[in-house]
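Have a look at the structure below, then the notes.
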Amino acid sequence: MKQYWLMKSEPDEVSIDDLMAAPRHTMPWFGVRNYQARNFMRDGMRPGDGVLFYHSSCPQPGVAGVAEVASGAYPDHSQFEEGGKYFDAKATQEQPRWISVDVRGLKKTALLPLSEMRQMPELEDMLLLKKGSRLSITPVTPAQWKVITDRLKA
DNA sequence: GCCAACGTTGGC
DNA sequence: GCCAACGTTGGC
């Protein structure tokens, strides 16, 4: 059963344009350092799942495009890069702590701003919109997916 | 830059 | 296992 997700990225780090410009529109999703988000990737995601690509921590936060999960989970290389921003001294090759999946961009869309999503009654239960929600990866229900992707086409 | 909310760490 | 202190996220 296909599932749906929302994945946050800071456009200064990786924007929807960066994703679409990558070879085969595909990039590894690295740098997740939160267990709940990791577990969603590890236990919930399957290739072909739908992804809303969300721009966060920027002047215009919102959904910037549609993507899909393009691989299963594998160890996040950045945890082993000593001196790197995402290095984790407690991770080993034998016992990796963090994982990545590949994400393939399907299309860049007109930005659906967070402010507008907050005004859509159908989205009031979205995890993204809950007070205090900071998870970089959240599940999206099929109904929410439909409302949002329909809106992105309009 | 502010700050609310949440997650993690570490002493006990 | 508790919980205070600290760090991070992310909208504004």
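Quick caveat, the model's predicted, so the values are computed rather than measured. A note on names: the letters A, B, ... follow the listed sequences, proteins ahead of strands, and every chain is numbered from 1.
No continuous path of ILVMFWY side-chain contacts below 4.5 Å connects V103(A) to V66(A), so the two sit in separate hydrophobic clusters. Linking Ile, Leu, Val, Met, Phe, Trp and Tyr residues whenever their side-chain heavy atoms come within less than 4.5 Å places Y4(A) and L6(A) in a single cluster. Put simply, L123(A) and Y54(A) are part of the same group of oily side chains (I, L, V, M, F, W, Y) that touch within less than 4.5 Å, one to the next.
Taking a heavy-atom distance under 4.0 Å as the criterion, the stretch of DNA chain B touched by chain A extends 5' to 3' from dA5(B) to dT8(B).
Among the heavy atoms of the strands, none lies under 4.0 Å from E10(A).
The environment of NZ in K146(A) is sparse: at most 12 heavy-atom neighbours from other residues, nucleotides or ligands sit within 6.0 Å.
Nearest heavy atom pair, residue I148(A) against residue L112(A), reads CG2-CD2, 3.9 Å.
Applying the side-chain hydrogen bond (donor to acceptor under 3.5 Å, both in side chains) test to T141(A) and every residue at least two apart in sequence or in another chain returns Q144(A).
K90(A) contributes atom NZ, which lies 10.5 Å from atom CH2 of W98(A) (distance to the nearest 0.5 angstrom).
Under a 4.0 Å N-O distance rule, the pair E124(A)/R118(A) does not qualify as a salt bridge.
End-to-end axis angle of the helix from dG1(B)-dC12(C) to dC12(B)-dG1(C), using five pairs per end and rounding to 10°, comes to 10°.
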